[in-house]
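Below you'll find the structure, written out as C-alpha cells, and then a few comments.
Everything numeric here is computed off the predicted structure, so don't read it as measured data. Values below: all heavy atoms of this structure, side chains included; hydrogens, waters and symmetry mates excluded.
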Amino acid sequence: MKETAQVLREKGLKVTPQRIAVYNMLLHSTEHPNAETIYRTLEATNPTISLATVSKTLDFFKHLGLVQELNVGEGSARSGSVIE
C-alpha cells in the first residue's frame with residue numbers, strides 16, 4: 001500500500017497534517033463517517049484541525065476520486081470507502 005503522503009502528492013494535493021489525518025482515518029475506518037464525526041474524532045490529536053478543514057478536505061478527496069460520497073438522505077452525505 002502506498003504511503004498517504006505519496007497518494008496525496010500523486011493527486012496534486014499539498015501534503016498537510018490535516019489531510020493526512022483525514023485520509024488515514026477514512027482508510028482505517030469500517031464506518032462511513034460524516035465531516036462532523038471525522039472532526040470530533042480527530043480534534044483531540046490534531047488541535048489545528050477545524051470542521052471547515054475537514055469539509056474542504058473531503059470535497060477535495062471526492063473531486064479527485066480518492067473517496068466516494070454516500071448520500072444517506074435528508075440532505076446528509078457521508079464519506080464512503082477510500083478508493084485505492
Side-chain angles (χ1 to χ4, degrees):
M1 182 184 310
K2 293 180 185 176
E3 191 175 317
T4 300
Q6 181 181 355
V7 171
L8 298 179
R9 278 190 207 98
E10 286 176 358
K11 291 292 186 175
L13 287 173
K14 180 179 176 183
V15 177
T16 66
Q18 295 88 350
R19 288 178 179 165
I20 289 172
V22 171
Y23 189 82
N24 282 336
M25 182 188 168
L26 291 172
L27 187 63
H28 297 101
S29 178
T30 58
E31 300 176 6
H32 303 292
N34 62 17
E36 188 172 339
T37 301
I38 294 169
Y39 168 70
R40 287 186 179 168
T41 301
L42 295 177
E43 70 177 325
T45 56
N46 297 272
T48 61
I49 204 163
S50 68
L51 180 55
T53 297
V54 172
S55 295
K56 289 177 190 175
T57 298
L58 291 174
D59 285 341
F60 279 132
F61 289 176
K62 182 178 72 170
H63 177 74
L64 295 171
L66 288 171
V67 298
Q68 293 177 327
E69 180 178 71
L70 304 175
N71 186 335
V72 293
E74 298 180 20
S76 180
R78 296 188 179 259
S79 297
S81 53
V82 171
I83 301 170
E84 297 182 59

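The closest side-chain heavy-atom distance from Lys11 to Phe60 is not below 4.5 Å. Side chains of Thr4 and Val15 form no contact here, defined as non-hydrogen atoms less than 4.5 Å apart. Looking at Pro33 and Leu26, their side chains come closer than 4.5 Å, going by heavy atoms from C-beta outward. Within the 4.5 Å cutoff, side-chain heavy atoms of Ser50 are placed close to those of Thr53. Side-chain contact between Thr16 and Thr57 is absent, with no heavy atoms from C-beta onward closer than 4.5 Å.
Listed for the His63 side chain is no donor-acceptor partner under 3.5 Å among the backbone atoms of Asp59.
Looking only at atom types and distance, the side chain of Thr48 has a donor-acceptor partner in the side chain of Gln18 under 3.5 Å away.
Put simply, CG on Leu51 and CG on Leu42 are 11.5 Å apart, with the number rounded to the nearest 0.5 Å. Rounding to the nearest 0.5 Å gives a distance of 5.5 Å between CG of Leu66 and OH of Tyr23. Considering CE of Met25 and CG of Asn46, their distance stands at 11.0 Å, rounded to 0.5 Å. Distance check: His32 NE2 to Gln68 CD gives 9.5 Å after rounding to the nearest 0.5 Å. Note that CD of Glu43 is 13.0 Å distant from CD1 of Ile38, once rounded to the nearest 0.5 Å.
With sequence neighbours left out, Lys56 forms a side chain to side chain donor-acceptor pair (under 3.5 Å) with no residue at all.
Across all non-hydrogen atoms, the minimal contact from Val54 to Ala35 is CG1-O, 3.5 Å. Considering every non-hydrogen atom in both Val22 and Phe61, the closest pair reads CG1-CE1, 4.0 Å. Here the shortest heavy-atom pairing between Arg19 and Lys14 reads NH1-O, 2.9 Å.
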